[in-house]
Every structure is written in C-alpha cells, then in structure tokens.
There are 2 protein chains.
Amino acid sequence: MPTQVAITHGEVLEDSRGYLYDAAMRRAIIEMGGSRSADVLEALGALRLAAKLIHDASDRFAERHGLSDSRARVLTRLDRSPKRRLPLGALAEGLSVAPRTMTDIVDVLERDGLVKRIADPADGRSVLAEITPAGKAKINTIRRDATARQAAVAKDFTADQLVELRHLSLMLVQNLRGR
Amino acid sequence: MPTQVAITHGEVLEDSRGYLYDAAMRRAIIEMGGSRSADVLEALGALRLAAKLIHDASDRFAERHGLSDSRARVLTRLDRSPKRRLPLGALAEGLSVAPRTMTDIVDVLERDGLVKRIADPADGRSVLAEITPAGKAKINTIRRDATARQAAVAKDFTADQLVELRHLSLMLVQNLRGR
DNA sequence: TTGGCATAGTGAGGTGCCTCACTATAGGGA
DNA sequence: TCCCTATAGTGAGGCACCTCACTATGCCAA
C-alpha cells in the first residue's frame, strides 16, 4: 500500500497576499469567466491533493509494520471498543466504506492472525471481528508513534487554523451528504 | 467506481462557537492529554472524509457517462493539451499517481476507444496517449456539467473561505512533500 | 404462524492504486 | 566506441474499493 512516488511537479507558491497556491493546478484550470468556479476547483483540488498525500504517508508508515492505513484503523477501533469486538457493518460505517470492502479488509487481518471472526450470539446474521492478542500487541506498538506523526504534519498550524480546516471540511461534508 | 453507500453515521454538529465538528469522530479520538494532538487528528479526519465524499460523488457522476474520476481527468488533460496527446509519465505526474497506475487507466481508456497509444517520435522509450474523436466528444459532453457540479458543492462558501481552504490544504501538502 | 420485507455478510467480477522486476531506449563520460 | 546509469513503460502480484447478486437470518404484520 505504500506510495513513495515522489511527484516532483505541482509547485506550491505564495501569492501577493501570502496565500499558497499550486502553480500547475492553477494553470490546468481554464479561466472560466466568473473565476468563481475556478476558485472552487482550485480549493477542492488542493484539498484532494492534501488528502492523497496524507493517505500515502499513513499507508507508508503502516506498511513498515505490516499493516495498511485501513487495517490500522480497524485495529484501532477494535482495540478501543469495550468488548474488543465489533460487527463488520459497524466497522464499515466507521471507516466510511462499503460493507463489502470491510469483508476484504477483515479477510487480510484474519489471515495475518490479527483479528478473528466470531458469530454474534445476539444476531445470527451478524459477524463480529474480534482483535487477537497479536493484533493488540501490534496496534499498541505503533499507536503512540502514529499519533505523533500525524500531529507533526500540522506542526505549523495555529489552533485557529486547525478549527478552520475542520470547519470548512465539514461544510463540504454536509453539502455532499445532505440532499 | 460509484459509491452510493449512504453512510448514515458521523453526525456533523455545531459547537458553542458555531464551528462544525463530527460527533462520532470526536468520540473516537481518545482524549490525549494536551488535546493538541486530538485537534490535529480531528482536522485531518474531517479533511480526509471530505476528500472521500468528493471523490465518491465525482466517481458516481463520471460513471453515468461510462467514465471514472481518474479517466475523466486524463481525458480533460489530453483534450486541453496543444497536440491532444501526452506521454503516460506526464499524465501520471499530473494526477499524482504512480506511473504503473497510468498504464492501467490508459488500458481501460484505450479498450473503450477514447484514447490511442502512439509511439513518441522524439523518444523511443516514451508512449503517448492521444485522445480520439470519441474521447473528445465524450469529455466535451460532460465538461460543463461536471464543473457546475463541483462548484455547487461549495455554494455556501465565501471567497475568503475558498482561499483559506486552499491555503491550509497546501500547507499540509508542503509539510508532506518537504523534508 | 406465516409470508414478505429488511438487514448482514459474502461470492463474483472489475477498476484504481501500489511495489518490484524486467525490457528497451537515451545519454553522458572514459 | 562502449559502458554505465538513468528513464519510460509494462508484466506479475496484491490490497482497497466498488456494484450486483445471492444466502441466511431477523422481524413485523396479517
């Protein structure tokens, strides 16, 4: 799942007011009349690029421990859950992926001995993923380091900027989920 | 490539200062001492969620025209390029994906008759993807609508908010690319 | 009680994404 | 000229992601 790729393109520059922009992206966005559309596309493009780089970095980190970003997230959720086990459907919802995808992720985790599938005594349709001792050991080994790395990515952000980034992102989430 | 999934979870709420936050995400992030780390994780989580929903929506839209988000982006770049053709490597860099991935994407586009691989007369190693008339027709049919849809996602954003979102995203990009 | 619908998970099949290994061509020295 | 290294693309293999179809179970209403 790693990515190292090293895309050299996409120079990030500063405009006259001190705001960053991506030169290649701006060039790529045809100047459509109002430029309002262009501003939106630039912002969304920047957000998507940031998300991809975050994902790549997270995957590369997890891969050094024999995990992937998704598998690490599943283990984290299981380890934090009271009974150390959750139905696949709940895990899928928590990671915002389709149920079928969680089947694939748990397949790999189970093959690697990090989780075990068990029947749900309360619902015959449901399958619970239960974290194994090996899974617990693995996730505890990397958790602290993983958190520190994530936090370091935003080391030059003020508290207000973090709030603003979250707020603007969730405005988009609302627009995309609503309606 | 579509996604309709309809994740119902992840309620987006407003805090006392009017800033949005995701209740489930906040609950999921263990209160680590300083809470600075928690704030970062919340912001990054929100950004990644927004990016995923944007991608899903884009894919679902493209799928209605027999494309995917990635394939539409490749066609757009080819159609905008002066000679209507670009080497696979340049396309990969433009989309921030590994070269191998572009081979896969062009395979599908070529199978569908939307691009054609041609030898690069100037470099025997290079392979150019050239958009076909069918590819041009396809991308021109959806371009205007696609732009409008993307723009609508941020319809309640002020111009300043768009700039701020771009700026904060690119700060992350710099941190992730630098070093 | 039983039929009918909703829900949980998986098999089949396909794209997007990656790494690693390999081929082939380019290009700069010695 | 001849290597030696760098670059461009692809084959092989593998995970993450999806839709669609199907099974099995749960559940409600008649």
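We name chains A, B, ... by the order of the sequence lines, and we start the count at 1 in each one.
As a whole-Å value, the separation of B:H65 NE2 from C:dT15 P is 19 Å. Put simply, CG on B:D120 is 10 Å from C1' on D:dA8, counting in whole angstrom units. Rounded to whole Å, the distance from CG on B:D59 to P on C:dG16 is 8 Å. Counting to the nearest Å, the P atom of C:dT15 and the CE atom of B:M102 are 16 Å from each other. Atom CZ in A:R71 sits about 9 Å away from atom C1' in D:dA16, given to the nearest Å. Here the C1' atom of nucleotide C:dC17 and the CG atom of A:L49 are 16 Å apart, to the nearest Å. Summarising the geometry, the separation between CZ on B:R60 and P on D:dC17 is reported as 16 Å, rounded to the nearest angstrom. Protein atom CG of B:D107 is 10 Å distant from nucleotide atom P of C:dG16, rounded to whole Å.
Paired with B:E42 under the rule salt bridge (charged side-chain N to carboxylate O under 4.0 Å, His left out), one option of B:R36, B:R48, B:R27, B:R26 passes, and it is B:R26. No option in B:L47, B:L165, B:L53 other than B:L165 meets the side chain to side chain contact (heavy atoms under 4.5 Å, CB included) test with A:L172.
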* How far apart are the C-alpha atoms of A:L114 and A:L67, what are their side-chain angles, what is the distance that settles it, and do they pass the side chain to side chain contact (heavy atoms under 4.5 Å, CB included) test? -> CA-CA 10 Å; A:L114 304 176; A:L67 291 176; 3.7 Å; yes
* To do: Step by step, work out the salt bridge (charged side-chain N to carboxylate O under 4.0 Å, His left out) result for A:D59 and A:K52.
  => CA-CA 10 Å; A:D59 240 6; A:K52 182 178 194 332; over 6 Å; no
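In this model, the phosphate group of D:dA16 is approached by a side-chain N or O of A:S68 to a distance below 4.0 Å at OP1 or OP2. Taking 4.0 angstrom as the limit, A:R111 places a side-chain polar atom (N or O) nearer than this to OP1 or OP2 of D:dC15. Between B:S70 and C:dG16 there is no side-chain N or O to OP1 or OP2 distance below 4.0 Å. Taking only side-chain nitrogens and oxygens, A:K52 comes nearer than 4.0 Å to OP1 or OP2 of C:dC18.
Atom CZ of A:R64 has more than 12 heavy atoms from other residues, nucleotides or ligands within 6.0 Å. Atom OH of B:Y19 has 12 or fewer heavy atoms from other residues, nucleotides or ligands within 6.0 Å.
Paired runs in DNA chain C that reach 3 or more consecutive Watson-Crick or G-U pairs, where each pair keeps both distances under 3.5 Å, cover C:1-30 with D:1-30.
Among D:dG11, D:dA16, C:dG16, the nucleotide with an atom closest to any side-chain atom of B:R100 is D:dG11.
Heavy-atom nearest nucleotides on DNA chain D were determined for A:V108 and for A:G124, and the one closer to the 5' end corresponds to A:V108.
Looking at A:D104, its side chain comes within 3.5 Å of the base of D:dC17 through a donor and an acceptor atom.
Contact detail for A:R77 and B:A28: the closest heavy-atom pair is NH2-CB, 4.5 Å.
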Report each atom pair, protein N/O against N/O of nucleotides 6-9 of chain C, whose distance is under 3.5 angstrom.
| unit_1 | atom_1 | unit_2 | atom_2 | d |
| --- | --- | --- | --- | --- |
| C:dT7 | O4' | A:R125 | NH1 | 3.3 |
| C:dT7 | O2 | A:R125 | NH1 | 3.3 |
| C:dG9 | OP1 | A:L88 | N | 3.1 |
| C:dG9 | OP1 | A:V127 | N | 3.1 |
| C:dG9 | OP1 | A:V127 | O | 2.9 |
| C:dG9 | OP2 | A:G89 | N | 2.6 |

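Under a 4.0 Å N-O distance rule, the pair A:K138/A:D112 does not qualify as a salt bridge.
Interatomic distance, OG of B:S126 versus CD1 of B:I118, reported as 9.5 Å (0.5 Å rounding).
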